[in-house]
Amino acid sequence: DKSIYVNPYVLPLGITYSRDSALYHGEFSRNPFNNVNDIYSYLLGRKVSIFKKMNHEIVNKIGYVDILFNQNKSDNIYGYIDTKRNINSKLYLNDKFLTGYSKWLAPRVIYLGDERENRLRLLLDNATIKDVSTIEIYSLDLDLFNSVISELRSKNIIKKSHIDDGNVKFYTDLIKENYSLLITIPHSSGWEFKINGESVIPNIIYNSFISFDLVAGKEYVIEMNYSIPKLYLGVFLSLIGLLFLVYFLIRGNYVKKTNC
């Protein structure tokens with residue numbers, strides 16, 4: 001049997017936002033929770049805080065940093081620790097190993113909601129307080145998040161769309177004056193874009209979102225086609241390597257025969 005998870009918090013495919021907002025200019029901070037709050041605020045046109053900061057206590061001990069905080073049993077808690085360098089550390093929550101931290105391929109934002117005790121202890125080992133720039137503990141307000149997503153879905157401006165393997169095509173004529181179109185498909189270097197049949201280069205917001213500056217009052221057909229970056233170069237180099245392999249195999253057999 002197979003099951004499919006339907007994400008109840010998915011954003012609409014396309015939504016507009018004001019070019020006067022900081023989102024248009026790509027302004028963001030090192031605090032990921034503030035960035036998420038800001039993105040939803042800019043898209044809604046008013047201030048919202050789906051992530052709310054929690055108080056915590058820092059205890060500096062030799063060889064590790066203790067972070068203590070309280071929670072309600074219904075909280076969905078996330079943490080973020082900004083270190084001044086890669087310290088190749090490990091994170092523990094109430095003495096249970098969570099993840100490697102502050103090293104290559106390690107996550108930055110960590111979910112801390114599995115422990116349902118009132119008092120939580122987050123421990124960063126192999127570290128001192130001097131290694132840490134900031135420690136942020138936030139709770140996610142799911143009721144507010146659900147309300148925000150519902151409102152944003154009602155603002156979806158895509159009239160018709162077709163999504164296939166590596167190809168996306170959609171239509172809109174609902175662009176407002178001094179507003180840009182934000183596409184919620186994540187940006188990748190393999191995407192190519194056309195608007196009304198002409199190739200275009202989009203704006204990339206927060207290194208993640210695809211955005212287009214469109215003139216109000218017109219109809220648009222937007223096409224996105226994905227291909228694996230450097231695919232043909234990789235195939236060409238593989239063929240060259242294969243030819244060299246065949247050459248050396250033939251040459252080796254020839255040398256053996258001449259020496260017999």
Side-chain angles (χ1 to χ4, degrees), residues 3 5-11 22-23 27-44 46-150 152 184 186 206-209:
S3 60
Y5 172 73
V6 179
N7 184 359
Y9 305 107
V10 67
L11 285 166
L23 179 62
E27 300 173 11
F28 57 93
S29 70
R30 292 184 61 87
N31 184 320
F33 305 106
N34 285 342
N35 287 334
V36 172
N37 286 338
D38 287 344
I39 288 172
Y40 284 107
S41 297
Y42 297 143
L43 292 178
L44 284 173
R46 67 176 188 276
K47 181 67 176 176
V48 292
S49 297
I50 60 173
F51 280 106
K52 295 178 170 57
K53 191 168 185 176
M54 300 178 63
N55 294 326
H56 61 271
E57 175 188 355
I58 301 173
V59 181
N60 182 26
K61 298 184 179 180
I62 298 175
Y64 59 92
V65 176
D66 259 351
I67 305 144
L68 306 175
F69 56 97
N70 297 324
Q71 70 160 357
N72 297 317
K73 291 188 177 181
S74 60
D75 284 343
N76 292 273
I77 301 176
Y78 295 81
Y80 168 75
I81 303 173
D82 190 13
T83 56
K84 299 175 183 177
R85 59 185 178 87
N86 286 341
I87 57 178
N88 195 26
S89 182
K90 295 178 182 178
L91 270 178
Y92 297 86
L93 182 63
N94 285 8
D95 297 323
K96 295 179 182 178
F97 174 74
L98 279 182
T99 179
Y101 205 75
S102 187
K103 63 180 181 179
W104 188 56
L105 293 181
R108 301 300 298 275
V109 175
I110 322 101
Y111 178 61
L112 305 175
D114 287 335
E115 293 292 325
R116 289 305 177 190
E117 300 179 21
N118 292 329
R119 185 73 165 167
L120 295 182
R121 176 191 182 206
L122 185 64
L123 185 145
L124 180 71
D125 79 347
N126 193 34
T128 68
I129 199 64
K130 294 181 180 180
D131 297 318
V132 176
S133 299
T134 58
I135 298 172
E136 305 287 356
I137 307 294
Y138 279 72
S139 65
L140 173 62
D141 187 335
L142 277 178
D143 290 335
L144 177 59
F145 189 28
N146 185 55
S147 174
V148 166
I149 291 298
S150 296
L152 289 176
T184 56
Y206 281 13
N207 296 321
S208 301
F209 299 109

If the condition is side chain to side chain donor-acceptor pair (under 3.5 Å), which residues does [X] pass it with, not counting sequence neighbours?
X: S41; value: none
X: S139; value: none
X: D95; value: R121

Less than 4.5 Å apart, any side-chain heavy atom of [X] and any of [Y]?
X: I58; Y: V132; result: no
X: I50; Y: V148; result: yes
X: L93; Y: I110; result: no
X: Y78; Y: L140; result: yes
X: L98; Y: L122; result: yes
X: I135; Y: L124; result: no

Using the rule given for side chain to side chain contact (heavy atoms under 4.5 Å, CB included), can you reason through I39 versus L43, listing the C-alpha separation, both sets of side-chain angles and the distance that settles it, and then say yes or no? CA-CA 6 Å; I39 288 172; L43 292 178; 4.1 Å; yes
Please find the pair of heavy atoms, one from A106 and one from S102, that lie closest to each other, and give the distance.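 Heavy atoms only, the tightest pair is CB-N, 4.1 Å.
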Nearest atoms (heavy-atom pairs only) where N34 meets S29: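 Answer, listing the atom of N34 first, then S29: CB-OG, 4.0 Å.
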Qualifying residues under salt bridge (Lys or Arg N to Asp or Glu O under 4.0 Å), relative to K47, sequence neighbours excluded: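 If we apply the salt bridge (Lys or Arg N to Asp or Glu O under 4.0 Å) test to K47, skipping adjacent residues, the hits are D38.
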Return each pair, listed once, that meets salt bridge (charged side-chain N to carboxylate O under 4.0 Å, His left out) where at least one residue sits in residues 131-144; pairs must be two or more places apart or across chains.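 Those involving residues 131-144 are K52-D141, K53-E136, R85-D131.
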Using 0.5 Å steps for rounding, measure from the [atom1] atom of [X] to the [atom2] atom of [Y].
X: M54; Y: L120; atom1: CE; atom2: CG; value: 7.5 Å
X: L144; Y: F51; atom1: CG; atom2: CZ; value: 11.0 Å
X: R108; Y: T83; atom1: CZ; atom2: OG1; value: 6.0 Å

Pair F69, N55 - check side chain to side chain contact (heavy atoms under 4.5 Å, CB included), show working. CA-CA 7 Å; F69 56 97; N55 294 326; over 6 Å; no
Residues in side-chain contact (heavy atoms from CB on, under 4.5 Å) contact with [X], at least two apart in sequence or another chain:
X: A22; value: E27, Y42
X: D125; value: Y64, S89, K90, Y92, L123
X: V10; value: N7, R153
X: T184; value: L11

With sequence neighbours excluded, residues passing ring pair (Phe, Tyr, Trp, His ring centres under 6.0 Å) with Y138: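 So Y138 forms a ring pair (Phe, Tyr, Trp, His ring centres under 6.0 Å) with F33.
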Return the set of residues passing ring pair (Phe, Tyr, Trp, His ring centres under 6.0 Å) with Y40 (not counting sequence neighbours), or none when no residue passes.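 Partners of Y40 by the ring pair (Phe, Tyr, Trp, His ring centres under 6.0 Å) criterion, ordered by chain and then number, come out as F145.
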Check whether any side-chain N or O of N88 sits under 3.5 Å from a backbone N or O of K103 as a donor-acceptor pair, and report yes or no.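 No, N88 side chain to K103 backbone: no donor-acceptor pair under 3.5 Å.
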Tell me, with the steps shown, if I81 and I67 meet side chain to side chain contact (heavy atoms under 4.5 Å, CB included). CA-CA 10 Å; I81 303 173; I67 305 144; 3.8 Å; yes
